[in-house]
Amino acid sequence: MDVPSLHSQFLSDVLPRIQKDARVAGVAITGSFVGGRPDVYSDVDLILAIDNEAYEAVMRERLVLISSWASLVAGFTGEHVGEPRVIITLVGPPLLHVDFKFVRASDFAERIEDPEILWDRDGQLTGALAQQPPANPVFDLQWIEDRFWVWVHYGATKLGRGELFETIGFLAHLRDSVLGPLAARRVGAPSRGVRHLESIAPDEARDLQATLCGYDRHEAGQALLATVDLYRRWSDADAAVVERHRNAEKLAVQYLHDVIDHGR
């Protein structure tokens, strides 16, 4: 794997410093470095396995520790992405985005994909991965169907009110939460919102362009209709195993058309 020089130098510098802390049982890396596609724009996603008895103390010291390992420019905790164990940082210069995820050593094997172990103090991490396979998240199309037509109505109300910033933002949410995962599923790829769709699902990515719009009411309405069309097309393959809410679909789509027609 061809690792960018900035990333390679960072790892060469930071790993020996982390290893000096006896409370760290090992270090692993995830993200694009595991997928084999790192480039100069890639983040570095590190997992630090901490001895159980030292975990709480380490969690209180995280920013201080990171500052001793790297040239910390800025850092904050990851509650906004549902992961408070992560410290999201910029280090440098030159600037590099690095996520430091601190987990108990006993929890290291709980994962959705296999990381690459960079350092393992006593083999504990390697053994944990061997004993417990990854738990891939289940794609729940019924969960989406139960919500999608309510979401369509919501987007139409924002369009009708003239809240175009809200409508444009909501279209991005539907791409990230619904259409992106459906597109990835069509090509047998992991679901990560709309990330990497241009390379892993180029045909679907081209179709998704119809859901984009500028700050224009007509364009936003057409983008909502395109979102509905793609959802229908891409979810049809699972029609036999999903309970379709046909009445909600009919009423929500008609409402959207009425809003669009009213604005002409």
Side-chain angles (χ1 to χ4, degrees), residues 78-84 86 88 112 135-264:
E79 286 89 352
H80 68 291
V81 293
E83 186 46 272
V86 170
I88 299 167
I112 61 174
N136 294 318
V138 177
F139 183 85
D140 190 349
L141 186 57
Q142 187 65 61
W143 186 93
I144 294 174
E145 172 69 15
D146 291 344
R147 290 158 176 77
F148 186 74
W149 305 112
V150 178
W151 287 341
V152 169
H153 176 266
Y154 177 88
T157 64
K158 302 311 171 189
L159 178 67
R161 189 180 285 161
E163 296 182 23
L164 294 186
F165 287 123
E166 182 73 13
T167 306
I168 293 167
F170 191 64
L171 283 162
H173 164 72
L174 292 179
R175 280 192 299 272
D176 193 62
S177 300
V178 179
L179 298 181
L182 281 172
R185 189 167 188 251
R186 283 167 59 85
V187 298
S191 171
R192 293 189 175 92
V194 294
R195 293 200 63 193
H196 305 300
L197 283 185
E198 292 88 348
S199 57
I200 64 174
D203 292 340
E204 286 76 9
R206 280 190 292 272
D207 288 342
L208 273 174
Q209 292 178 29
T211 70
L212 300 172
C213 67
Y215 189 80
D216 179 88
R217 190 184 192 282
H218 173 74
E219 288 185 16
Q222 294 307 301
L224 282 167
L225 289 175
T227 299
V228 169
D229 178 63
L230 285 177
Y231 174 71
R232 284 168 163 167
R233 286 164 49 194
W234 290 354
S235 62
D236 272 352
D238 297 277
V241 295
V242 174
E243 180 186 352
R244 296 292 190 181
H245 300 298
R246 296 299 186 190
N247 188 51
E249 174 181 357
K250 175 183 176 182
L251 294 174
V253 173
Q254 183 58 59
Y255 183 87
L256 174 58
H257 279 289
D258 290 344
V259 168
I260 291 171
D261 291 343
H262 182 72
R264 288 175 179 168

Undergrad: Answer yes or no: is there a side-chain heavy-atom contact under 4.5 Å between Val86 and Val81?
TA: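 The answer is no; the side chains never approach within 4.5 Å.
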
Undergrad: Between Thr167 and Arg217, is there a side-chain donor-acceptor contact under 3.5 Å, judged purely by atom types and distance?
TA: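 No, no side-chain donor-acceptor contact under 3.5 Å.
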
Undergrad: Measuring only between side-chain heavy atoms, which start at C-beta, is Cys213 closer than 4.5 Å to Leu171?
TA: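 Yes - at least one pair of side-chain heavy atoms lies under 4.5 Å apart.
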
Undergrad: Using a 4.5 Å cut-off on heavy atoms from C-beta on, say whether the side chain of His257 contacts that of Leu225.
TA: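 Yes, their side chains come closer than 4.5 Å.
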
Undergrad: So that I can tick it off, tell me whether Asp203 and Arg186 are bridged by a salt bridge, with the cut-off set at under 4.0 angstrom between side-chain N and carboxylate O.
TA: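 No, this pair does not count.
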
Undergrad: May I ask you to say whether Arg161 pairs ionically with Glu166, meaning some side-chain N is under 4.0 Å from a carboxylate O?
TA: no

Undergrad: So, using side chain to side chain contact (heavy atoms under 4.5 Å, CB included) as the criterion, who are the partners of Ala189 when residues are at least two apart?
TA: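 Here the qualifying residues are Ala184, Val187, Ile200.
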
Undergrad: Are any of the side-chain heavy atoms of Asp236 and Arg244 separated by less than 4.5 Å?
TA: yes

Undergrad: In terms of heavy-atom contacts, does CZ of Arg232 have more than 12 from other residues, nucleotides or ligands at under 6.0 Å?
TA: yes

Undergrad: Flag the pair Ile88 / His80 as yes when at least one side-chain heavy-atom distance between them is below 4.5 Å, and no otherwise.
TA: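 Touching, per the 4.5 Å side-chain cut-off.
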
Undergrad: Could you tell me which non-hydrogen atom of Ala156 sits nearest to which non-hydrogen atom of Leu224, and how far apart they are?
TA: N-CD1, 4.3 Å

Undergrad: According to ring pair (Phe, Tyr, Trp, His ring centres under 6.0 Å), who are the partners of Tyr231, at least two apart in sequence or on a separate chain?
TA: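 Phe148, Trp149.
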
Undergrad: Could you tell me whether the side chain of Glu204 reaches within less than 4.5 Å of the side chain of Leu197, counting heavy atoms only?
TA: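 No, every pair of side-chain atoms sits at 4.5 Å or beyond.
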
Undergrad: Leu182 versus Leu141: any side-chain heavy-atom pair under 4.5 Å?
TA: yes

Undergrad: Can you name the residues that form a side-chain hydrogen bond (donor to acceptor under 3.5 Å, both in side chains) with Gln209, not counting sequence neighbours?
TA: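 Scan of Gln209 (side-chain hydrogen bond (donor to acceptor under 3.5 Å, both in side chains), adjacent residues dropped) gives none.
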
